[in-house]
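What follows is a set of notes on a single structure, which appears directly below.
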Amino acid sequence: ERARHHAERVHALDPSHSGASEFLIGYWERNDQPAAVVRLLEDRLDSLQVTSGAEALRTPAHERLAQHTSLLLRLADIRANQLNDVDGAILALELAQDETGPCATVAEPLADLYERGGHTEKLLEIIRRGAEASEDPGERANWYLQLGGKLCESGREREAEHAYRRVLQE
């Protein structure tokens, strides 16, 4: 308990302190308090965005982007699966996607959330972008296969046929 109080004081003074944040996140996860974890993750995200000066110079941009993306993925997972806040999770992943571009690490969970939330057009668009951005033929074929299935479910058979042809081409 003393360690938690100490970590809370450190976090209050410096929300960017990853050691204190991770300790508290672990504590609140063990105590089944997802809302507290979300607040801590949001604090960490805010602290990464306002980092400037010497700290920004010490941490390369690609590392800050990776940290930011990782935090957004964690935040989205907790919002979607523990707090049942699909729209909040979607917002977090859309922000991550805006920062990273089309990458499977973000696109796949975002596609799942679009499907859970009933956002069919957004789902179809992200699948298309995933297929177009993929450099691996097998991965691209999987994206087109998924696209064909979702188009069939939406009653758009002609477009689905085109997607299935693309699977065979890959």
Is it true that a side-chain atom of His17 and a backbone atom of Ala20 form a donor plus acceptor pair closer than 3.5 Å? yes

Is the shortest heavy-atom distance from the side chain of Arg44 to the side chain of Arg39 under 4.5 Å? no

To the nearest 0.5 Å, tell me how far Ser18 OG sits from His11 NE2. 12.0 Å

Distance-only donor-acceptor hits, side chain of residues 101-113, under 3.5 Å, sequence neighbours excluded:
none

Quick one: does Lys122's side chain get under 4.5 Å of Glu94's, heavy atoms only? yes

Any side-chain heavy atom of Tyr144 within less than 4.5 Å of one from Gln169? no

Please determine if Lys150 and Glu115 form a salt bridge, counting it only when a charged side-chain N lies under 4.0 Å from a carboxylate O. yes

Report yes if some heavy atom in the side chain of His5 is under 4.5 Å from a heavy atom in the side chain of Glu1; otherwise report no. yes

Could you check whether Ser134 and Asp136, counting side-chain N and O atoms only, form a donor-acceptor pair closer than 3.5 Å? no

Apply side-chain contact (heavy atoms from CB on, under 4.5 Å) to residues His119 and Asp87 and explain how you reach the verdict. CA-CA 10 Å; His119 304 281; Asp87 290 334; 3.6 Å; yes

Tyr164 to Gly148 - nearest heavy-atom pair and separation: OH-C, 3.2 Å

Kindly indicate whether the side chain of Gln82, heavy atoms from C-beta on, has any atom under 4.5 Å from the side chain of Ile78. yes

Side-chain ion pair, Glu132 and Arg140, N-O less than 4.0 Å: no

Do Leu72 and Leu93 sit in the same hydrophobic cluster, where Ile, Leu, Val, Met, Phe, Trp and Tyr count as joined when their side-chain heavy atoms come under 4.5 Å apart? no

To the nearest 0.5 Å, how far apart are CH2 in Trp143 and CZ in Arg128? 13.0 Å

Leu95 CG to Ile90 CD1 distance, which is reported to the nearest 0.5 Å: 13.5 Å

In terms of side-chain geometry, is the basic nitrogen of Glu161 or Arg156 positioned less than 4.0 Å from the acidic oxygen of its partner? no

Find the distance between CG (Leu40) and CD (Glu29) and round it off to the nearest 0.5 Å. 9.5 Å

If every non-hydrogen atom of Leu75 is compared with every non-hydrogen atom of Ala92, which pair is closest and at what distance? CD2-CB, 4.3 Å

Quick one: do Leu83 and Val86 end up in the same hydrophobic cluster if we chain Ile, Leu, Val, Met, Phe, Trp and Tyr together by side-chain heavy atoms under 4.5 Å apart? no

Salt bridge Glu159-Arg166, side-chain N to carboxylate O under 4.0 Å: no

Hydrophobic cluster membership, with links at side-chain heavy-atom distances under 4.5 Å among I/L/V/M/F/W/Y: are Val10 and Leu24 in one? no

Please name the pair of heavy atoms, one in Trp28 and one in Glu8, separated by the smallest distance, quoted to 0.1 Å. CZ2-OE2, 3.8 Å

Polar side-chain atom of Thr69 near backbone of Leu65 as donor-acceptor pair, under 3.5 Å: yes

Answer with yes or no whether the hydrophobic clustering places Ile126 together with Leu73; edges join I, L, V, M, F, W, Y residues whose side-chain heavy atoms lie under 4.5 Å apart. yes

What heavy-atom pair brings Ala89 and Ala80 nearest, and what distance separates the two atoms? CB-CB, 3.7 Å

Is there a path of hydrophobic side-chain contacts, each under 4.5 Å between heavy atoms of I/L/V/M/F/W/Y residues, joining Leu91 to Tyr114? no

Would you give the length of the straight line joining atom OH of Tyr27 to atom CG of Asn31, rounded to the nearest 0.5 angstrom? 4.5 Å

Measure the CD-OG distance between Glu42 and Ser47 for me, rounded to the nearest 0.5 Å. 12.0 Å

